[in-house]
Amino acid sequence: MADREDNVTVPEFSSLLQMDPYLKTYEKDFKRRYDLLQKRLFELEEAEGGFDQFTRSYKTFGVQRQPDNSLFFKEWAPAAEALFLTGDFNGWDKFSHPYTKKDFGKWELILPPKHDKSPAVDHHTKLKVVVHTKEGERLYRISPWAKYVNREEKSVIYDWVHWDPPQPYNVIHPRPAKPTSLRIYEAHVGIASPEGKIASYTNFTNNVLPRIKDLGYNCIQLMAVMEHAYYASFGYQITSFFAASSRYGTPDELKELIDVAHSMGIVVLLDVVHSHASKNTEDGLNHFDGSNSCYFHSPPRGEHKLWDSRLFNYSSWEVLRFLLSNLRWWMEEYRFDGFRFDGVTSMLYHHHGIGSGFSGDYSEYFGLQVDEDSLVYLMLANHILHTLYPDCITVAEDVSGMPALCRPVEEGGLGFDYRLAMAIPDKWIQILKELKDEDWNIGNITHTLTNRRYGEKCIAYAESHDQALVGDKTLAFWLMDKEMYTNMSSLIPMNPIINRGIQLHKMIRLITHGLGGEGYLNFIGNEFGHPEWLDFPREGNNQSYHYARRQFNLVDMDHLRYCQLYAFDRDMNRTEDKYGWLAAPPAYVSAKHEEDKVIVFDRANVVFIFNFHPNKSFQGYRVGVEVPGKYKIKLDSDMVQYGGHGRLDHGTEFFTEAQPFNGRSNSILTAPEIMKD
């Protein structure tokens, strides 16, 4: 076995080495990973007729209506002694409908249609699987493949509800093309209204989609869609993987939301949680067949100590069937356009990233600490998704900086399209928490915004949902805090705190957008400087919805300054749409001046000039530019409609001089902040 890797060829490994020759040391690791992937694909071909068939298992497991209206039920419960089906359809008889045991821990049951030829189980009626264990216990369970679950008001536990509507939603609009510049609006349906309640899919379709379109975002990343029994988990403790959360409405209403987004040219990504699962047993996957393993590793490997959740056994055939079919289900049934994979760091390493600082030393990314079962699962998922759906977008949430995470599988990479640039929001929060304005380290800011692996695309963001959670607060609130309650009126002059906050809010966003990555992300509401923080109803806050909502009403009041921040965010996105800097090669930073607190860079024929000095303006400031010609101001954070002071004349034309400056061939004399036409 020791030499097996020597016979393996990673087809395009040389391309990876061209980008990063230091990875040559770990060639054996790349070969072993690639070999494991090829073995899996070969096994799927042999045993299941290929991955296409295998990943459509949602058409055979759970409950399926046959052409003659008989119902076919199928489950995988290897440790069970017997399985029965019960529900409204049989008066909750626990023994009248036994499943038949098949090979490999499978169980099957066929229910013939009623006398009138209609299915034996009516749409919107309740079902349960009754599991008899070898120890003689009787357990009531929800099918892991349940497409819809619901909770009655007084109940704690979710019910499996048979979903087979007489008139299912019919899709009208085709999927939009994959955007070249990804501008993501990260959103949570339940908090997407100013009202103190759980908002609906329909509210999102009618009231939020038009705002997203107006703001110039071309992609929505939807959180908390996969069903989770505990609302305050923010959607990260999944109980039913195939069910769209019923607290916001029906599956058809979610399908409509995505369809309408597509009609606006907006792609939709699902925040998919395959890194772990809720510990719930009665309405989750845990102990489904009475055993401590089934879908998961046995403890301790199968438990996440920090998250108090269960960890999947990615080497298990049936777990692969379940998870890969789950991705396919969301693509096919709901027509999502891709995924943001949550908790990738936890998946990649046996230590789950706990207590690991990740210095960037390559030895941290290879060797025994890497969980190759889950790493190969991610390679497999990306390979299958991109083969079946060439325009599919996958984003990895990884803090470790795993090399080749966003390189194609053929090079030995994991096959993601993008990774989240998680160091950037941490840097902004740290600066605002710890430093006075005059102590901002311009070199350090620039380094954080540009420090990314060449050839691996990043999504930059100033803040996401993580930064807004209780215990932290939004950037606007870090900047302006309680002043936002009393001094956001545009009818009164800005006090120094509001003035500084409004200007920095815009500049932090623009420099992150321009310099930080190949995609940009904003969390719902933060585009207009949403105050405070996020906190879901829970025991600790008397089940309050006060902080579990987004106050769009603030933007709609013309006399408040929120609409000025909104206008800047909109015009920033629209300017990117015109010039395409996110799709361009990384920026060239020509100036990072510590004393002046000025940063200058150019990207996609646009020159960005930032003056972060707390009290100094500059006249006749020379900046280096590569492309000669005439320059005009295209976006100016100091414009009055953005809450600025209107100090720049937009009629001015700036002509280059053939005077090299700061590593650029030409230069112009200007006043900050300018963009080229």
Side-chain angles (χ1 to χ4, degrees), residues 48-49 53-77 80-132 138-152 157-171 227 240-244 246 249-256 282-283 288-289 318 321-322 325-326 328-330 332-334:
E48 302 276 346
Q53 205 50 38
F54 186 63
T55 56
R56 288 189 215 213
S57 294
Y58 58 82
K59 293 191 166 183
T60 47
F61 280 75
V63 52
Q64 308 296 330
R65 179 158 53 80
Q66 309 298 75
D68 68 348
N69 273 351
S70 60
L71 295 174
F72 176 69
F73 291 82
K74 184 172 184 175
E75 297 298 345
W76 175 62
E81 189 65 32
L83 246 64
F84 296 87
L85 184 71
T86 187
D88 292 329
F89 79 99
N90 69 0
W92 295 95
D93 189 317
K94 294 185 281 288
F95 300 105
S96 57
H97 291 82
Y99 285 70
T100 307
K101 190 171 190 177
K102 302 287 180 183
D103 292 341
F104 307 113
K106 311 276 173 47
W107 300 82
E108 293 178 2
L109 164 65
I110 293 171
L111 290 186
K114 293 193 253 192
H115 292 305
D116 64 2
K117 299 286 187 286
S118 64
V121 180
D122 293 335
H123 169 57
H124 227 289
T125 60
K126 291 179 195 171
L127 292 165
K128 277 251 193 289
V129 179
V130 187
V131 178
H132 289 236
R138 189 189 302 148
L139 309 171
Y140 292 89
R141 294 287 182 259
I142 289 177
S143 167
W145 301 80
K147 298 177 177 77
Y148 185 68
V149 297
N150 212 335
R151 185 172 62 85
E152 292 190 349
I157 306 294
Y158 273 73
D159 295 306
W160 175 19
V161 177
H162 182 52
W163 189 261
D164 189 11
Q167 275 93 38
Y169 181 79
N170 284 321
V171 168
E227 189 61 273
S240 287
F241 284 74
F242 286 81
S246 59
T250 67
D252 285 11
E253 286 160 352
L254 173 58
K255 288 176 188 178
E256 184 184 21
E282 284 187 69
D283 53 11
F288 173 65
D289 64 354
E318 292 304 321
R321 180 196 305 279
F322 182 76
S325 295
N326 187 237
R328 191 87 195 268
W329 163 257
W330 292 108
E332 290 283 335
E333 183 73 10
Y334 288 94

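Sequence positions, counted from 1, serve as the residue numbers for this chain. It should be emphasised that the depicted structure is a prediction, and the values quoted were computed from it without experimental measurement.
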Inset, instruction - Using side-chain contact (heavy atoms from CB on, under 4.5 Å) as the criterion, point out the one residue from Phe84, Tyr99, Phe95, Trp92 that pairs with Val130. - result: Phe84

Legend entry - Geometric cation-pi criterion, Lys128 with Tyr140: 6.0 Å, 45°: no

Legend entry - Gln64 and Leu71, any side-chain heavy atoms less than 4.5 Å apart: no

Legend entry - Test ring-ring contact (aromatic ring centres under 6.0 Å, His included) applied to Tyr58 - qualifying residues, sequence neighbours left out: Trp329

Inset, instruction - For residues Ile142 and Ser240, report the shortest heavy-atom separation together with the two atoms involved. - result: CG2-OG, 4.4 Å

Legend entry - Side chain to side chain, Phe288 and Leu139, heavy atoms closer than 4.5 Å: no

Inset, instruction - Could you walk me through whether Arg56 and Glu332 pass salt bridge (Lys or Arg N to Asp or Glu O under 4.0 Å), step by step? - result: CA-CA 9 Å; Arg56 288 189 215 213; Glu332 290 283 335; over 6 Å; no

Legend entry - Cation-pi check, Lys147 onto Phe242 ring (under 6.0 Å, within 45° of axis): no

Inset, instruction - Look at the side chain of Glu333 and the backbone N and O of Trp330, then say whether any donor-acceptor pair between them is shorter than 3.5 Å. - result: no

Inset, instruction - With rounding to the nearest 0.5 Å, note down the distance linking OG1 in Thr60 to CD in Glu108. - result: 9.0 Å

Inset, instruction - Indicate the atoms forming the closest heavy-atom contact of Asn90 with Ser96, along with that distance. - result: ND2-OG, 3.2 Å

Inset, instruction - Assess whether ring-ring contact (aromatic ring centres under 6.0 Å, His included) is satisfied between His97 and Phe89, documenting all intermediate values. - result: CA-CA 11 Å; His97 291 82; Phe89 79 99; 5.0 Å; yes

Legend entry - Spacing of OG belonging to Ser325 relative to NZ belonging to Lys59, to within rounding of 0.5 Å: 11.0 Å

Inset, instruction - For residues Ala82 and Trp107, report the shortest heavy-atom separation together with the two atoms involved. - result: CA-CH2, 3.7 Å

Inset, instruction - From the options Glu318, Arg321, Arg328, select the one residue that forms a side-chain hydrogen bond (donor to acceptor under 3.5 Å, both in side chains) with Ser57. - result: Arg321

Inset, instruction - Identify the heavy atoms of Tyr148 and Asn150 that sit nearest to each other, and give their distance. - result: OH-ND2, 3.1 Å

Legend entry - Minimum side-chain heavy-atom gap His124-His162 below 4.5 Å: no

Legend entry - Donor-acceptor pair, side chain of Asn326 and main chain of Phe241, under 3.5 angstrom: yes

Inset, instruction - Might you work through the side chain to side chain contact (heavy atoms under 4.5 Å, CB included) test for Lys94 and Arg138, ending with a clear yes or no? - result: CA-CA 10 Å; Lys94 294 185 281 288; Arg138 189 189 302 148; 3.2 Å; yes

Legend entry - Contact list for residues 112-127, test salt bridge (Lys or Arg N to Asp or Glu O under 4.0 Å), sequence neighbours left out: Lys114-Asp122, Lys126-Glu152, Lys126-Asp159

Inset, instruction - Output, in order, the C-alpha distance, side-chain angles, deciding distance and verdict of side chain to side chain contact (heavy atoms under 4.5 Å, CB included) for Val121 and Leu111. - result: CA-CA 9 Å; Val121 180; Leu111 290 186; 3.8 Å; yes

Legend entry - Atom CD of Gln53: over 12 foreign heavy atoms under 6.0 Å: no

Inset, instruction - Measure across Glu227 and Ala244 and return the closest heavy-atom pair with its distance rounded to 0.1 Å. - result: OE2-O, 4.1 Å

Legend entry - CG on Leu109 to CZ on Phe73, rounded to 0.5 Å: 6.0 Å

Legend entry - Member of Phe322, Phe54, Trp145 meeting the ring-ring contact (aromatic ring centres under 6.0 Å, His included) criterion with Phe61: Trp145

Inset, instruction - Might you point out which heavy atoms bring Thr86 and Asp93 nearest each other, and give the distance in Å? - result: OG1-O, 3.0 Å

Inset, instruction - Indicate whether any N or O donor in one side chain lies under 3.5 Å from an N or O acceptor in the other, for Ser70 and Asp68. - result: yes

Inset, instruction - Take Ile157 and Arg151 through the side chain to side chain contact (heavy atoms under 4.5 Å, CB included) test and state the conclusion after the steps. - result: CA-CA 6 Å; Ile157 306 294; Arg151 185 172 62 85; over 6 Å; no

Legend entry - Min side-chain heavy-atom separation Leu83-Glu75 under 4.5 Å: yes

Inset, instruction - Could I get the full list of ring-ring contact (aromatic ring centres under 6.0 Å, His included) partners for Trp160, not counting sequence neighbours? - result: none

Legend entry - Side-chain (Asn69) to main-chain (Pro113) donor-acceptor, under 3.5 angstrom: no

Legend entry - Asn170 side, atom CG; Glu256 side, atom CD - distance, nearest 0.5 Å: 12.0 Å

